[in-house]
Amino acid sequence: MEHTEIEKIKCLIIGSGPAGYTAAIYAARADLKPIIYQGLQPGGQLTITTEVENFPGYPEGTQGPEMMEDLKKQAERFGTEIRWGTATSVDFSSFPHRVTIDENKVVEANTVIIATGASAKWLGLPSEQKLNGFGVSACAVCDGFFFRGQDVAIVGAGDTAAEEASYLSKLCRKVYMIVRRDEMRASKAMQHRVTNTPNIEILYNHTTVEILGEQGVTGVKVLNTLNNKERILDITGFFVAIGHEPNSKVFKPYLEMDKNGYIITRLDSTHTNIEGVFACGDVQDHIYRQAVTAAGSGCMAAIDAERFLANKGLH
Ligand code: NDP
């Protein structure tokens, strides 16, 4: 590693979704001079969605990417410094905390707000990995366009899968929805929408055996778990919408997490087990996972950070 002077920061925010930007707005207004490292997906998961209709304050709804652009501008307006870069390792063994960015820059922060969110889960099939980006995708809104007029399949049975199946049904000729149980987890309203869309066929009690194709997807082999019969669906696009996992690996040596890797925060706060390290948004929330709850916990993290610094006489 190149030897450079270590930058000292009062408040470092890692991640730039609704949690990170809201933390930044509050921290900047409290004069903590926050610096955000945006991470691998600047703007977070909302940048790969379209309509957001449930964020309060937008009576007609808004577009995810636009909302994130607005949040970014609001954070910048109060003096947040927004930088490209991802935290690649941390050292929380002593105070102040050390965070390495992109494996080459080390910053020393009195407070660290972790807002790294969550990422899409995959089935784990070798064929899925092989064809990822060649017909296999975890984001219908990003990639559905490429399959206009074609037949596609989507696996999953939660709100995301239902929402994405519905989105795809408007672009594609036919959408197979592969559901592993005999019912969906999605809300009743979303279930109603997909079951009433003529070009969506729901395959209950089905699992994915293999995605077929060499240079691109040509089909998917599915198994009916009730009668143990396999069948091939002729499709060119395969979408995975089976939930998310928290982006917390880099903090694993230091922070308490649950068995799925969600960072554990102290009751009614964003404090982690390490003094001066706070977590907010989807990286610590496997229950609500909404933009508005992420934003709310981002606000809490900034307030917790400000109080921590004040108590330490550092602000
Ligand atoms: P969920 O965890 O709610 O659902 C994941 C789905 O994937 C489940 O149906 C699960 O099946 C299925 N699944 C998991 N692993 C596999 C596997 N290996 N093979 C096949 N199927 C699998 O994730 P979502 O991303 O759908 O939703 C996350 C949260 O976000 C939820 O709280 C949801 O309500 C919310 N949300 C809200 C929206 C809105 O309000 N507009 C839109 C999108 C999401 P099983 O049911 O059998 O466990």
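Note: hydrogens, waters and symmetry copies are ignored here, and every other heavy atom, side chains too, is used. In listed order, ligands and their atoms are each counted from 1.
Ring geometry for Phe308 versus Phe278: interplanar angle over 60°, hence perpendicular rather than tilted (30 to 60°).
Counting only heavy atoms of the protein, atom 16 (C) of ligand 1 lies nearest to Arg180 NH1, 3.3 Å. Ile242 CG2, 3.4 Å is the protein heavy atom nearest to atom 22 (C) of ligand 1. Scanning all protein heavy atoms for the shortest distance to atom 2 (O) of ligand 1 gives Arg289 NH2, 3.8 Å. Nearest to atom 41 (N) of ligand 1 among the protein's heavy atoms is Glu163 OE2, 3.0 Å. Among protein heavy atoms, the minimum distance from atom 36 (N) of ligand 1 is reached at Asp159 CB, 3.7 Å. The protein heavy-atom contact nearest to atom 1 (P) of ligand 1 is Arg185 CD, 4.0 Å. Among all protein heavy atoms, the one lying closest to atom 43 (C) of ligand 1 is Thr160 OG1, 3.5 Å.
Closest to atom 23 (O) of ligand 1 by heavy atom, among Ala118, Gly243, Gly158, is Gly243. Ranked by closest heavy atom to atom 47 (O) of ligand 1, the top entry among Arg181, Gln45, His206 is Arg181.
No side-chain donor-acceptor contact under 3.5 Å links Asn224 to the backbone of Lys229. No donor-acceptor distance shorter than 3.5 angstrom exists from the side chain of Asp102 to the backbone of Asn104, with no hydrogens or angles considered.
Contact annotation for Met184 and ligand 1: no heavy atom of the residue comes within less than 4.0 Å of the ligand. Of all the heavy atoms of Leu123, the ones lying under 4.0 Å from any atom of ligand 1 belong exclusively to the side chain.
No option in Val179, Leu123, Leu203 other than Leu123 meets the side chain to side chain contact (heavy atoms under 4.5 Å, CB included) test with Val155.
Under the 4.5 Å side-chain heavy-atom criterion for grouping Ile, Leu, Val, Met, Phe, Trp and Tyr, Leu46 is connected to Ile13 within one hydrophobic cluster.
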### Worked check of ring pair (Phe, Tyr, Trp, His ring centres under 6.0 Å) between His206 and Tyr204
CA-CA 5 Å; His206 276 71; Tyr204 291 103; 9.2 Å; no
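Between Lys33 and Asp31, at least one side-chain N (NZ, or NE/NH1/NH2) sits under 4.0 Å from a carboxylate O, which counts as a salt bridge.
Other residues, nucleotides and ligands contribute only 12 or fewer heavy atoms inside 6.0 Å of the CZ atom of Arg307.
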